[in-house]
Each structure stands twice: as C-alpha cells, then as structure tokens.
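Note: hydrogens, waters and symmetry copies are ignored here, and every other heavy atom, side chains too, is used. Start at 1 and go down the list; that is how both ligands and their atoms are numbered. Sequential numbering from 1 along the given sequence is applied to the chain's residues.
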Amino acid sequence: MIRLQTMLAVAAFAVATPALAQDATPAAPAAPAIVVDEAVGLPAWDKVYKVFSHPRCANCHSPDDRPRWSGPSYGAARVHAFNVQRGVDGSGFGNTGLRCTTCHFDSNSAAPHGPPGAPNWHLAPVEMAWFGQTSAQICAQIKDPARNGGRTLDEVAEHVRTDGLVAWGWNPGPGREAAPGSAEETTAALQQWAAAGAPCPSQ
Ligand code: HEC
Ligand code: HEC
C-alpha cells in the first residue's frame, strides 16, 4: 500500500514537472528572494517606530521649517520658540544671525531647559519628517530612498548605530526623557525587520 502511494506520487510528479518547468521563469543566479515574515517583522518594526516617533527623535524630524520641542507648557503644536527656522539656504542650520549653533553647542547645557547639544546640531531635511506621522507612514518613508537620504536599509541601520545626533536621543540632558532602548537595540531591530522582508503595519 505504501509502495503504491509512493509510485502514484512519483507518477504525479513526473506528469506535473514538465508543466512546472514550462511555466517557470529561467532561474536567475541572484540572491534568494526575501520571504516576508510579518510575525517577526512587525514586532521588530514596532520597536523601531517607538524610537523614531519619540519626541527626542521626532522633534528634529519636523514636517516644516520649524523644529519642535517638548514639555507641557509649550502647547500642542510644540513649535520651537524664538522663531527658529530651518534657514533660507535649506541646510537646517538656521538663518544667519540665528543659527542653531548660536544656542546649541557640542554638548548638553547642564541647566534644566537649557539648550541641548551635540556636534553638528541641525534640523533633518523635510523629506525625512516623522513628527505627527503614523507608524505606517514612517515605515513607508524609511524604505523609500527618495526620503531616507538614498540609503539601503543596512545603511539606515548603520546611521542609527553611529550618528551623533541619533546618539543624543539617548543622552538628552537634564529633565528630558531619553528615547526607549538604545542605539544598539534599535539597530538590531532595524536589521531584524529588514531580514524579515521589511513589512509595514496597516496604519
Ligand atoms: C538635532 C536634530 C536631530 C535629532 C535629535 C535626530 N535626528 Fe535623525 N537626522 C537629523 C538630520 C540632520 C538628518 C540627515 C542626515 C543625513 O541624511 O545624513 C537625520 C537623518 C536620520 C536618519 C536617516 C534618514 C532616514 O530618514 O532614514 C535616520 C534613520 C535618523 N535620522 C534617525 C534618528 C533617530 C532614531 C533619532 C533619535 C534617537 C534622531 N534621528 C534624532 C537630525 C536629527
Ligand atoms: C535662541 C536660542 C536657540 C536657537 C537659535 C535654537 N535653539 Fe533649539 N532649543 C533652545 C533651547 C533653550 C531649547 C531647550 C528648551 C527646553 O528644553 O525647554 C531648545 C530645544 C531644541 C529642541 C528640542 C529637544 C527636545 O527634544 O526636547 C530641538 C529639536 C531644537 N532645539 C532644535 C533646534 C534647531 C534645529 C535649531 C536651528 C535650526 C535650533 N534649535 C535653534 C534654544 C535655541
């Protein structure tokens, strides 16, 4: 009986194979296709989202020409005071006479509500804005080279692991809550998400 089943299976395979071979596109020697694994990828993305959407990151990734800042006394829009602007040159370093570096130095002010600091302090380009965006929107954006500085997902992870402004999010100075986790954990979550096919949530 077992033998008969085996023979039938072999026969069925022999019949099916030529049809499969005809339909199949020629095997490309490229890397194997990544199978999207939502069970692994979505929880990993959620860790990334909780970091990226945290005020320590999102305040600098703002949707217009004004940085954001945090605190109950700043109101819902939380626009940076002093009419601070991205800068007419579009650089993110502010306008002449009110550059970010007028107030933001290479390290944090020790005074509560003093200006935080890290080398190269400036606003992220507007296409990299996350402030107020949903998880799905940020996820789509991170995968889009036109909106992530032309990076592969490996390079996005590397930026998070090594960049000084990102690192500041875990060392934000007195009176500010640090972003959740660490740069290493966020890098690992990005790599895990990418290896799982980089799935995005529905909202
Ligand atoms: C002081 C402002 C500032 C802060 C704070 C900041 N960023 Fe950025 N971020 C920038 C700027 C400027 C760029 C553009 C640099 C570039 O493309 O080389 C950038 C680019 C990025 C990029 C690469 C582009 C992209 O959209 O994929 C990632 C990822 C990123 N930031 C993550 C973070 C995370 C995570 C935090 C918080 C832990 C953070 N940033 C905090 C200013 C900031
Ligand atoms: C006139 C001084 C001044 C200038 C100029 C200035 N800032 Fe600030 N900034 C501050 C102060 C002070 C704080 C801290 C406010 C607080 O913690 O209550 C701050 C806070 C911030 C924060 C919020 C950090 C956080 O997550 O709580 C960001 C982001 C920021 N500045 C970005 C910028 C950028 C980008 C520029 C240039 C385009 C700039 N600032 C120019 C004084 C300044």
Side-chain angles (χ1 to χ4, degrees), residues 47-62 64-75 78-131 133 137-187 189-191 193-194 198:
K47 281 190 201 161
V48 175
Y49 167 68
K50 289 206 165 74
V51 174
F52 281 34
S53 61
H54 189 276
R56 293 296 85 67
C57 306
N59 283 346
C60 248
H61 284 258
S62 81
D64 50 32
D65 289 340
R66 311 287 306 274
R68 296 299 192 271
W69 63 9
S70 304
S73 53
Y74 298 133
R78 303 192 338 211
V79 174
H80 195 301
F82 321 122
N83 195 27
V84 163
Q85 302 281 337
R86 173 180 304 282
V88 287
D89 61 0
S91 66
F93 284 90
N95 280 323
T96 313
L98 202 58
R99 305 290 272 180
C100 310
T101 46
T102 311
C103 304
H104 294 274
F105 304 136
D106 283 358
S107 59
N108 292 317
S109 162
H113 296 292
N120 212 22
W121 190 270
H122 66 297
L123 198 58
V126 73
E127 68 272 14
M128 300 179 191
W130 308 325
F131 187 93
Q133 303 258 45
Q137 287 170 326
I138 298 176
C139 186
Q141 188 175 327
I142 292 302
K143 294 204 287 187
D144 180 359
R147 295 185 289 164
N148 75 8
R151 293 175 168 90
T152 63
L153 293 182
D154 273 353
E155 287 165 344
V156 171
E158 188 61 11
H159 180 87
V160 168
R161 194 176 69 80
T162 58
D163 182 74
L165 295 179
V166 178
W168 173 85
W170 287 283
N171 175 31
R176 291 181 199 93
E177 182 189 84
S182 66
E184 289 71 26
E185 286 171 55
T186 311
T187 303
L190 272 164
Q191 288 166 337
W193 168 68

Working to the nearest 0.5 angstrom, can you tell me the gap between Asp65 CG and His80 NE2?
14.0 Å
With rounding to 10 degrees, His104 NE2, atom 8 (Fe) of ligand 2 and His80 NE2 define an angle of 180°
Give me the ring orientation class for Trp121 and Trp168: parallel if the planes are under 30° apart, tilted from 30 to 60°, perpendicular past 60°.
perpendicular
Are any of the heavy atoms in Trp168 under 4.0 Å away from ligand 2?
yes
When distances are taken from atom 41 (C) of ligand 1, the protein heavy atom at minimum range is Cys57 CA, 3.7 Å
At under 4.0 Å between heavy atoms, which part of Pro125 makes contact with ligand 1: side chain, backbone, both or neither?
side chain
Atom pair CZ (Arg151) and CE (Met128), whose distance is rounded to the nearest 0.5 Å:
5.5 Å
At under 4.0 Å between heavy atoms, what of Phe93 touches ligand 1? The answer is neither
Heavy-atom contacts with Gly114 under 4.0 Å: which atoms of ligand 2 show up? List them by number with element.
14 (C)
Looking only at protein heavy atoms, identify the closest one to atom 12 (C) of ligand 1 and say how far it is in Å.
His122 NE2, 3.2 Å
Backbone or side chain, does any N or O of Trp69 fall under 3.5 Å from an N or O of ligand 2?
no
Say you draw a straight line from CZ of Arg66 to CG of Leu123; how long is it, rounded to the nearest 0.5 Å?
10.5 Å
Here the atoms of ligand 2 under 4.0 Å from any heavy atom belonging to Cys103 are 1 (C), 2 (C), 3 (C), 4 (C), 5 (C), 42 (C), 43 (C)
Using non-hydrogen atoms of the residue, decide whether Arg86 is closer than 4.0 angstrom to ligand 2.
no
Within the side chain of Asn108, is there an N or O that forms a donor-acceptor pair under 3.5 Å with the backbone of Pro174?
no
Closest to atom 21 (C) of ligand 1 among protein heavy atoms sits His159 NE2, 3.2 Å
Measure Gln85 to ligand 2 on non-hydrogen atoms and call it side chain, backbone, both or neither using the 4.0 Å cut-off.
backbone
The closest protein heavy-atom partner of atom 19 (C) of ligand 1 is His61 CE1, 3.6 Å
What distance do Gln137 atom CD and Tyr49 atom OH have between them, rounded to the nearest 0.5 Å?
9.5 Å
Identity and distance of the protein heavy atom lying nearest atom 10 (C) of ligand 1:
Ala124 CB, 3.6 Å
Please confirm whether Gly92 approaches ligand 2 to less than 4.0 Å, judged on its heavy atoms.
yes
So Glu177 and Pro172, do their side chains get closer than 4.5 Å, heavy atoms only?
no
Check the pair Arg161 / Leu190 against side chain to side chain contact (heavy atoms under 4.5 Å, CB included), numbers first and verdict last.
CA-CA 10 Å; Arg161 194 176 69 80; Leu190 272 164; over 6 Å; no
Any side-chain to backbone donor/acceptor pair from Glu158 onto Glu155? Under 3.5 Å, distance only.
no
Ile138 and Ile142, any side-chain heavy atoms less than 4.5 Å apart
yes
Gap between atom OG1 of Thr102 and atom CZ of Phe82 - 0.5 Å precision
11.0 Å
Using a plain distance cutoff, I'd like to know if Arg68 has any nitrogen or oxygen under 3.5 Å from a nitrogen or oxygen of ligand 2.
no
Ligand-side contact atoms (ligand 1) for residue partner Trp170, heavy atom cut-off under 4.0 Å
38 (C)
Number the atoms of ligand 2 from 1 as they appear, then name those within less than 4.0 Å of a heavy atom of Val84, with their elements.
4 (C), 5 (C), 6 (C), 36 (C), 37 (C), 38 (C), 39 (C), 41 (C)
Closest heavy-atom pair, Lys143 versus Pro145, reported as atoms and distance to 0.1 Å, is O-CD, 3.3 Å
Taking 4.0 Å as the limit for heavy-atom contacts, which would you say applies to Arg151 with ligand 1: side chain only, backbone only, both, or neither?
side chain
Any nitrogen or oxygen of Asn59, side chain or backbone, less than 3.5 Å from one on ligand 2?
yes
Kindly assign one of parallel, tilted or perpendicular to the pair Phe93 and His122, based on the angle between their ring planes and the thresholds 30° and 60°.
parallel
Please check if the number of heavy atoms outside Lys47 that lie under 6.0 Å from its NZ is greater than 12.
no
Sub-4.0 Å atoms of ligand 2 with respect to non-hydrogen atoms of Cys100:
34 (C), 35 (C), 36 (C), 37 (C), 38 (C), 39 (C), 41 (C)
What part of Ala81, side chain, backbone, both or neither, has a heavy atom within less than 4.0 angstrom of ligand 2?
neither
Close-contact set for ligand 2 against Leu98 heavy atoms, below 4.0 Å
5 (C)
Side chain, backbone, both or neither: Arg99 near ligand 2, heavy atoms under 4.0 Å:
backbone
Proximity of Pro67 to ligand 2 by residue part, where a heavy atom lies under 4.0 Å:
side chain
His113, any N or O under 3.5 Å of ligand 2 N or O:
yes
Could you pull out the closest heavy-atom pair between Cys100 and Gly94, with the gap in Å?
SG-N, 4.1 Å
Nearest protein heavy atom to atom 27 (O) of ligand 1, by residue and atom, and its distance?
Asn148 CB, 3.4 Å
What's the shortest distance from atom 32 (C) of ligand 1 to any protein heavy atom, and which residue and atom give it?
Trp130 CH2, 3.2 Å
Using 0.5 Å steps for rounding, measure from the CG atom of Asp64 to the CZ atom of Phe131.
9.0 Å
Relative to ligand 1, is Leu123 under 4.0 angstrom through side chain, backbone, both or neither, heavy atoms considered?
backbone
Going by the order shown, which atoms of ligand 1 are within less than 4.0 Å of some heavy atom of Trp121?
1 (C)
Any donor-acceptor pair under 3.5 Å linking the side chain of Asn59 with the backbone of Pro55?
yes
heavy-atom search around atom 1 (C) of ligand 1 in the protein gives Cys60 SG, 2.7 Å
Nearest atoms (heavy-atom pairs only) where Trp193 meets Cys139
CZ2-SG, 3.6 Å
